[in-house]
Amino acid sequence: MIINALLGGDLLPVPRWRQMPVPVLLMVGSALGGIVVAGLARLGVEVGARHRSADAQEALMLAVARVTDVAVIAPVESELERYEQARQAVATAKGEQ
């Protein structure tokens, strides 16, 4: 079509479908198809990202819980147990029991 216009005539036959040149229809259809495929790909990426984000958040929460148990709760419970033993020893030494 463009080549025909540049060369100044109908040197190459241009197939038509319903009065529209087929190359133009293919170009427009390809552009629209690309937009549709890009939109579907974006949806797929968003769904996958949400799923992976949820998995990562769950793994992070489990890791934080484990570290909290080991680094905070266990030492505090141990210290409270030692405090209770010392309190009972003081009470026994005073004869309060």
Strictly by salt bridge (Lys or Arg N to Asp or Glu O under 4.0 Å), give each pair with a member in residues 74-83 just once, sequence neighbours left out. Glu79-Arg82
Please, which pairs that meet salt bridge (Lys or Arg N to Asp or Glu O under 4.0 Å) have at least one residue in residues 55-69, sequence neighbours excluded? none
Transitive ILVMFWY cluster of Val64, excluding itself - 4.5 Å side-chain cut-off: Leu60
Of all the heavy-atom pairs spanning Pro15 and Pro23, show the shortest one and how long it is. O-CD, 4.1 Å
Linking I/L/V/M/F/W/Y whenever their side-chain heavy atoms sit closer than 4.5 Å, directly or via other members, would Met61 and Val67 fall into one cluster? no
Check the hydrophobic clustering (I, L, V, M, F, W, Y; side-chain heavy atoms under 4.5 Å; chains of links allowed) and say if Leu62 and Val70 are grouped together. no
Hey, could you give me the CD1/OG distance between Ile73 and Ser78, rounded to the nearest 0.5 Å? 13.5 Å
Leu26: what forms a side-chain contact (heavy atoms from CB on, under 4.5 Å) with it, not counting sequence neighbours? Val22
Return the set of residues passing side-chain contact (heavy atoms from CB on, under 4.5 Å) with Glu84 (not counting sequence neighbours), or none when no residue passes. Arg87, Gln88
Side-chain donor/acceptor pairs under 3.5 Å, residues 33-49, sequence neighbours excluded:
from, atom 1, to, atom 2, distance (Å)
Arg42, NE, Glu46, OE2, 3.0

